[in-house]
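Remarks on the structure that follows.
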Amino acid sequence: MRVISQGEIWADVLGYVRRNISEVEYHTWFAPVKNLGVQEGSLVLGVRNSFAQEWFRKHYLELLEDALRSLGAEHPQVSFQVLPAQQEAMLLPSDPPPPPPGRPPAERSPAAPPADNRKSLNPKYTFENFVVGPNNNLAHAAALAVAESPGKAYNPLFIYGDVGLGKTHLMHAVGHYMAERFPEKRIEYVSTESFTNDLINAIRDDKMTQFRNRYRSVDLLLVDDIQFLAGKERTQEEFFHTFNALYENHKQIILSSDRPPKDIQTLESRLRSRFEWGLITDIQSPEFETRVAILKMNAEHNRIDIPQDVLELIARQVTANIRELEGALMRVVAFASLNNVPFSRAVAAKALSNVFAPQEVKVEMIDVLRQVASHYNMPPDVIRGSGRVREVVVPRQVAQYLIRELTDHSLPEIGQFFGRDHSTVMHAISKVTEMLGKDVEITTSVNTLRRKMQGLEEEGLDA
Ligand SMILES: Nc1ncnc2c1ncn2[C@@H]1O[C@H](COP(=O)(O)OP(=O)(O)OP(=O)(O)O)[C@@H](O)[C@H]1O
């Protein structure tokens, strides 16, 4: 693939973008972007992680295309690539990763596309990415058993549960598992809706033979939301025959539904009884620990460094639906990025307050420490550590001063938090008090930090 370096184009695109969005947005999202040149007519941009990639696709694709149009491109094309891990370091937007030292874009290509028999599967939905908890361990064990002995363990496997609890994920996981071990096997994932539409089209276009070949020649058939068969007589009829053909040939069938077969109204009894031939297993809502584990895995996958207490706050807020749980995490990440603040419980509560019932979150010592650390661009542990150079001592004193001002903690408690005694804290506070109004840097820092902390507490920021 020929790669043309197009530094000038990128500079012009950035100029255009900058004129059309706010400075905060520009610095948050566009400053860390790497121009990877133009490849086959498409401007390729390197972004820090898959979250940023998704964000760009959703929010800035049109703007970028407009920018290219303004430069004369008739059919502007923009694509995004996630930069290799060591360059991502999403952490905080105020702390962008160092620029990549001129590696050729070819090396940054994402992993090779999945094998063809996985084309109907979501690459994210694997067993490795599935957090097992008391709510889903039976369904998980059954899925694993089926993956190991397709057509033999339980056929069909029927998984039911409320929306967004991982039914589709588990089905796809079986597909991936099988595809890896048996690359020649045919795997088909389909929603009941698509199955119905395919059938309608096949009837209309007189292509029933192709339709039957497609669904009856697979080794693994995954059908989502089978409750939608209810009331569709012709589809039930066709599905009945598909089911029989596969079953008789010992091909594995996995079905998902929002309710058990016996509760699906207007389902032909011959289908209902077939759905009950194998194993019926359910997935319940995850409990707190599982929700935290899911959030943690998600954050790690997206290489987002987010403290445990913040994840716990999110997990307390969203209890029933894992899709919403993931959405809440992304909302918090976007909110913190756009407002250029470090992750804290107060930030998370604010980010979620528009969607969920607001949670009362008091500012804690750790929140102030993180905020100060982010402001001075150094790790919180260094500020709490034993370093005595001015670069560390000033942030430490500022942190102690602000904690005293913004929280209800006593001097000994603050001392303990910093591994020091209360007289050291008292000294720090009087030192900062003395410098306020005299030392420009300290005064500005204290005021900025105070405003940020109070802004989050009282006025709120809009995502
Ligand atoms: N145990 C889990 N571990 C990790 N991620 C999970 C888990 N369960 C669900 N998820 C994630 O939650 C999201 C929703 O899951 P999924 O789409 O499988 O739900 P579903 O039960 O099929 O919902 P629906 O009924 O709406 O089709 C997905 O992004 C999935 O990866």
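Just so you know, residue 1 is the first one in the sequence shown, and it goes up from there. These numbers come from a predicted model, not from an experiment. All ligand and atom numbering here is 1-based and tracks the order in the structure.
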Can a donor-acceptor pair be found between the side chains of [X] and [Y] at a distance below 3.5 Å?
X	Y	value
K34	Q81	no
Y160	D263	no
E287	T290	yes
E237	H241	yes

(message) For S217, run the side chain to side chain donor-acceptor pair (under 3.5 Å) check against E188, K251, R186 and tell me which one passes.
(response) R186
Could you check [atom] against the protein and tell me its nearest heavy-atom contact, residue, atom and distance included?
atom	result
atom 17 (O) of ligand 1	R323 NH2, 2.9 Å
atom 11 (C) of ligand 1	E326 OE2, 3.3 Å
atom 23 (O) of ligand 1	G164 N, 2.8 Å
atom 30 (C) of ligand 1	H169 ND1, 3.4 Å
atom 27 (O) of ligand 1	T168 OG1, 3.6 Å
atom 10 (N) of ligand 1	I322 CG2, 3.4 Å

(request) May I ask you to list the atoms of ligand 1 that are less than 4.0 angstrom from any heavy atom of G166? (result)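 Per the distance check, 8 (N), 9 (C), 15 (O), 16 (P), 18 (O), 19 (O), 20 (P), 21 (O).
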(request) Pull out every atom of ligand 1 sitting under 4.0 Å from any heavy atom of N136, numbered as shown with elements. (result)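 Per the distance check, 1 (N).
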(message) I'd like to know if K124 contacts ligand 1, where contact means a heavy-atom distance under 4.0 Å to any ligand atom.
(response)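 Yes, that is the case, since the closest heavy atom of the residue is under 4.0 Å from the ligand.
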(request) May I ask whether G161 places a heavy atom under 4.0 Å from ligand 1? (result) no
(request) Heavy-atom distances under 4.0 Å are what count here, so tell me which part of V132 touches ligand 1: side chain, backbone, both or neither. (result) neither
(request) Of the side chain and backbone of V163, name the one, both, or neither that has a heavy atom under 4.0 Å from an atom of ligand 1. (result) both
(request) Taking the six-membered ring for Trp and the single ring otherwise, decide whether the centroids of F195 and F211 are under 6.0 Å apart. (result)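 Yes.
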(message) Centre-to-centre under 6.0 Å for F343 and F335, is that the case here?
(response) no
